[in-house]
Amino acid sequence: MRFATWNVNSLKVRLPQVIQWLADTGVEVLCLQELKMDQDVFPLAEIEAAGYRAAWFGQKTYNGVAILVKAPLEMSEVVAGIPGYDDEQRRVIAATVNGIRVICGYFVNGEAVDSPKYPYKLEWLSRLEGYVAAELARYPDLLLLGDYNIAPEDRDVYDPEGWRGQVLCSEPERDAFRRLIALGLSDSFRLFNQEEKQYSWWDYRQMMFRRNKGVRIDHILVSDALKARAQVCEIDKAPRKWERPSDHTPVILHLND
DNA sequence: ATGGCTGTCCCTGACAGA
């Protein structure tokens with residue numbers, strides 16, 4: 001069974017690519033971020049026609065997350081947002097699939113360490129940590145997938161010195177990532193893959209993808225209880241090569257049954 | 001060099017992304 005995460009940078013624009021990618025891969029569970037569409041215009045009919053069920057949490061213009069599940073798999077216990085955290089920005093949705101708690105997150109970008117958005121990022125990360133801790137206590141088999149907007153280590157960045165201390169790489173953000181890990185989670189990609197220059201996002205500008213100058217900021221964290229079932233975690237660069245791509249590309253985790 | 005792309009809404013230029 002495969003679980004994937006993909007920041008599509010507008011589901012309206014990328015819907016044909018999502019449908020194509022699901023047909024190509026047959027991935028069973030796909031978490032999407034940056035829908036950039038209001039709750040009531042989500043393309044449920046097209047997704048159902050492709051053989052998937054969906055739960056989503058959208059808003060106009062910005063943010064928005066969804067979980068797609070291949071029928072006849074079902075989703076239960078859907079929770080939108082972080083309970084108890086009154087956040088106008090719709091960034092989190094969770095559901096249970098085949099006994100596994102799936103949390104899909106579009107983490108705050110933060111813009112820059114001296115931006116007003118940066119303290120919001122740290123506050124949001126703290127709220128998420130509390131939420132994930134509570135979810136882990138209730139659901140030992142758990143995955144936290146999404147666009148983290150955090151490059152955990154220098155090796156996750158094409159130019160570590162140039163990025164040092166910058167947003168995505170600053171120590172408070174990396175500390176927050178490590179606190180998530182300390183809850184009893186592992187970065188599934190690093191369970192298997194130690195190769196250099198593996199990224200999940202490349203800037204649209206300056207041919208950064210062709211030059212492979214990117215950052216690894218899309219992650220799938222797997223709980224300790226579930227870790228033994230993890231087989232491989234891979235970054236699928238194919239959709240990044242398609243016409244009019246998202247700036248992110250999917251990350252896939254394979255679990256055995 | 002605060003540029004360089006892309007998407008959204010609609011003040012078609014400003015904002016946000018990362």
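Heavy-atom distances to DNA chain B give each of V13(A) and D247(A) a nearest nucleotide, and the one nearer the 5′ end belongs to V13(A).
One interatomic measurement links the two molecules: CZ of R90(A) to C1' of dA16(B), which rounds to 19 Å at whole-angstrom precision. The distance from atom CD of Q166(A) to atom C1' of dT2(B) is 12 Å, rounded to the nearest whole Å.
One finds no side-chain N or O of N9(A) lying less than 4.0 angstrom from the OP1 or OP2 phosphate oxygen of dG7(B). Contact annotation: S10(A) reaches the phosphate of dT8(B) (side-chain N/O to OP1 or OP2, under 4.0 Å). Checking the phosphate oxygens (OP1, OP2) of dA16(B), a side-chain nitrogen or oxygen of K117(A) falls inside 4.0 Å. One finds no side-chain N or O of R205(A) lying less than 4.0 angstrom from the OP1 or OP2 phosphate oxygen of dG17(B). For dT6(B), the OP1/OP2 oxygens have no side-chain nitrogen or oxygen of R14(A) closer than 4.0 Å. Side-chain N/O atoms of N7(A) include one lying less than 4.0 angstrom from OP1 or OP2 on dA18(B). Contact between the side-chain N/O atoms of Y158(A) and the OP1/OP2 oxygens of dA18(B) is not found at any separation under 4.0 Å.
Between the C1' atoms of dC11(B) and dT2(B), the separation comes to 24 Å (whole Å). The separation of dG3(B) from dC15(B), taken at their P atoms, amounts to 12 Å, rounded to a whole angstrom. dT6(B) and dA18(B) have their C1' atoms separated by 12 Å, with the value rounded to a whole Å.
Residue Q206(A) places its side chain closer to dG4(B) than to any other of dG7(B), dG17(B), dG4(B). Distances from the side chain of K60(A) to the nucleotides dG7(B), dG17(B), dC9(B) place dC9(B) closest. In the set dA18(B), dA16(B), dG17(B), the nucleotide with an atom closest to the side chain of H248(A) is dA18(B).
Y106(A) comes within 4.0 angstrom of sugar-phosphate atoms only, judged by non-hydrogen atoms across all strands, and of no base. When heavy atoms are screened at a 4.0 angstrom cut-off, N149(A) is found touching the sugar-phosphate backbone but no base atom. Among the heavy atoms of the strands lying under 4.0 Å from E34(A) are primed sugar atoms or P, OP1, OP2 only; no base atom is included.
With sequence neighbours excluded, the residues that form a salt bridge (Lys or Arg N to Asp or Glu O under 4.0 Å) with E123(A) are R127(A). Listed by chain and number, the residues in a salt bridge (Lys or Arg N to Asp or Glu O under 4.0 Å) with E234(A) amount to none (sequence neighbours excluded).
Distance alone, capped at 3.5 Å, is enough to place a donor-acceptor pair between the N149(A) side chain and the F107(A) backbone. Between the side chain of R240(A) and the backbone N or O of D247(A), at least one donor-acceptor pair lies under 3.5 Å.
Checked options Q198(A), R190(A), K197(A); the residue passing with D156(A) is R190(A) (criterion: side-chain hydrogen bond (donor to acceptor under 3.5 Å, both in side chains)).
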